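Worksheet: the structure to be examined is printed underneath.
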2 protein chains.
Amino acid sequence: MKFSISEENYLKQIYLLQQDTGTVSTNNLAKELQAKPASVTDMLKKLREKKMVHYEPYKAFNLTEKGNRTAVHIVRRHRLWEFFLSEKLGFEWEQVHDIAEELEHVSSDTLITRLDDFLGNPRFDPHGDPIPDSSGKIYRQRQVSLSTLALNSPQSVSGVGDQSTAILELLNHYGIAIGVKVEVTRRFDFDGSLELQIGKKRHLLSHAVAKNIFVQYAQ
Amino acid sequence: MKFSISEENYLKQIYLLQQDTGTVSTNNLAKELQAKPASVTDMLKKLREKKMVHYEPYKAFNLTEKGNRTAVHIVRRHRLWEFFLSEKLGFEWEQVHDIAEELEHVSSDTLITRLDDFLGNPRFDPHGDPIPDSSGKIYRQRQVSLSTLALNSPQSVSGVGDQSTAILELLNHYGIAIGVKVEVTRRFDFDGSLELQIGKKRHLLSHAVAKNIFVQYAQ
DNA sequence: AATTATTTTTAGGTTTGCCTAACATTATTC
DNA sequence: GAATAATGTTAGGCAAACCTAAAAATAATT
């Protein structure tokens, strides 16, 4: 099904408000979209025709299964473009949103698939928001590598990038595993190595190892 | 000055027709834009209001200085995106046009500047058409059609005149693309067809096809 | 519960960009 | 040069997406 830019904006914004605050109201949505409540009502009727929202006059409304799927794909496009702008074109993260707002409406699916691959299938955009994959699946927690984690901020290990036996052996030796609380206490700029506190002990990790260990970053 | 997507499409198309055939007519433009002549007349009045075209009813029309400058910038955006799609995302050159058609309307100037730098300030798009630089300057190639190229003079393909999907498909089949070395080995005067050497193989091309393939003449 | 305030919808209007059908102008042909 | 053909314009309409102002429904307050 094909949607206009306006319809896409509404679907995306309903989705985001649902995520954020749990509920969506006409006024609420109008404010977010910089439109008048009356315009929102117009569009809700249109989206109901297309079976994208459950909507009854004067009652709360929300996305249908179809509506949700569509919205997720628009969010995916938006965040992939944000990632592109930040990572490849060197934009600051506060500049990317408005431009991605336009790019997200370019309709080729192949384009998005190829862009995703070109970018290395990133899971989080520069704001730390998750980028849904092509099936719409969302990896909720932002994963931050130890090599970029802030100092003195204890976090739980949530994953490992490189999963070769070699590195797993090493991690095992240090007692590093999923769920273990760790804290970066020092970082040495000249070679990217860092000091990691695990329980009562401190260990020195090379940059090569550190960048493959991820923690969940509280959002 | 800010333009709608529709206005941009008109400006670009008037520019391209001017380049191609020297003249633009209402019917002509309507066909190109897949619209009716009456719609073209409507838009011409609007563009005249904005001082983008010189237009008097029933007379020929053309872009003003301002209109030309604007059109060149839209063409620049289009061709930069084509280059990106082809070079970075691996699209075939006959696929890039339609997607670039949408991308060209994203309005951030900074975006285009950074994209240009990211791509290495290319001067020609995948079809061999010149990409105007940020000031609007166009580096023209001396292009010679295969139908007039001297025999036994190997040259690199630099561009294609007609850019319909039909011809691009055909060229793709023969392995003809920008940068490919070709050589005209025979020419048959009675119908203008010619024998073309591409690598180790020889193919027969009709005059209609040959006159649309251009090579760069030593530069 | 009645009143007031807030939220949401309806009714009717505007702009943009397109359309068809009828008319006007210019070009071509006999 | 008159008749015909082709091209271009005007007039009037339509759909999308917005708006304002008034009315309806719901929520909050006394």
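The model shown is predicted, which means the values in this text are computed figures rather than measured ones. Lettering follows sequence order; numbering is per chain, from 1.
Rounded to an integer number of Å, the gap from B/Glu7 CD to C/dT15 P is 15 Å. In this structure, CD of B/Glu49 is placed 11 Å from P of C/dT16, rounded to the nearest angstrom. In this structure, A/Glu56 places its CD atom 11 Å from P of C/dT9, rounding to the nearest Å. For A/Lys2 and D/dA16, the NZ to P distance is 14 Å, given to the nearest whole Å. One interatomic measurement links the two molecules: OH of B/Tyr10 to C1' of C/dT16, which rounds to 12 Å at whole-angstrom precision. As a whole-Å value, the separation of A/Arg48 CZ from C/dT8 P is 16 Å. Put simply, CG on B/Asp42 is 9 Å from C1' on C/dC19, counting in whole angstrom units. Rounded to whole Å, atom C1' of C/dC18 lies 14 Å from atom CD of B/Gln34.
B/Phe61 comes within 4.0 angstrom of nothing in the nucleic acid, heavy atoms only.
Between A/Arg76 and the choices A/Asp116, A/Asp133, A/Asp125, the salt bridge (charged side-chain N to carboxylate O under 4.0 Å, His left out) rule is met once, by A/Asp116.
Side-chain N/O atoms of B/Ser6 include one lying less than 4.0 angstrom from OP1 or OP2 on C/dC18. Taking only side-chain nitrogens and oxygens, B/Lys45 never comes nearer than 4.0 Å to OP1 or OP2 of D/dT9. In this structure, A/Tyr55 reaches the C/dT9 phosphate: one of its side-chain N or O atoms is under 4.0 Å from OP1 or OP2.
Formation of a donor-acceptor pair under 3.5 Å by the B/Gln197 side chain with backbone atoms of B/Gly199 is found in this model.
Looking at B/Glu101 and B/Lys12, a side-chain N of the basic residue comes within less than 4.0 Å of a carboxylate O on the acidic one, giving a salt bridge.
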Protein-nucleic acid N or O pairs under 3.5 Å, nucleotides 20-26 of chain D:
none

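The aromatic ring centres of B/Phe84 and A/Phe84 sit less than 6.0 Å apart.
Sorted by first then second residue, the salt bridge (charged side-chain N to carboxylate O under 4.0 Å, His left out) pairs that include residues 14-43 of chain A, not counting sequence neighbours, number zero. The side chain to side chain donor-acceptor pair (under 3.5 Å) analysis of residues 79-94 of chain B, with sequence neighbours excluded, yields the pairs B/His78-B/Glu82, B/Glu82-B/His97, B/Glu82-B/His127, B/Glu94-B/Asn172.
Residues from residues 18-31 of chain A that place a heavy atom under 4.0 Å from any atom of DNA chain D: there are none.
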All N/O donor-acceptor pairs, side-chain side in residues 50-62 of chain A, below 3.5 Å, sequence neighbours left out:
from    : atom 1 : to     : atom 2 : distance (Å)
A/Lys50 : NZ     : A/Lys2 : O      : 3.4
A/Lys50 : NZ     : A/Glu7 : OE1    : 3.3
A/Lys50 : NZ     : A/Glu7 : OE2    : 3.1

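B/Tyr174 meets the ring pair (Phe, Tyr, Trp, His ring centres under 6.0 Å) test with B/His203; sequence neighbours excluded.
In the model, A/Gln18 has no side-chain atom that pairs as donor or acceptor with a side-chain atom of A/Thr23 under 3.5 Å.
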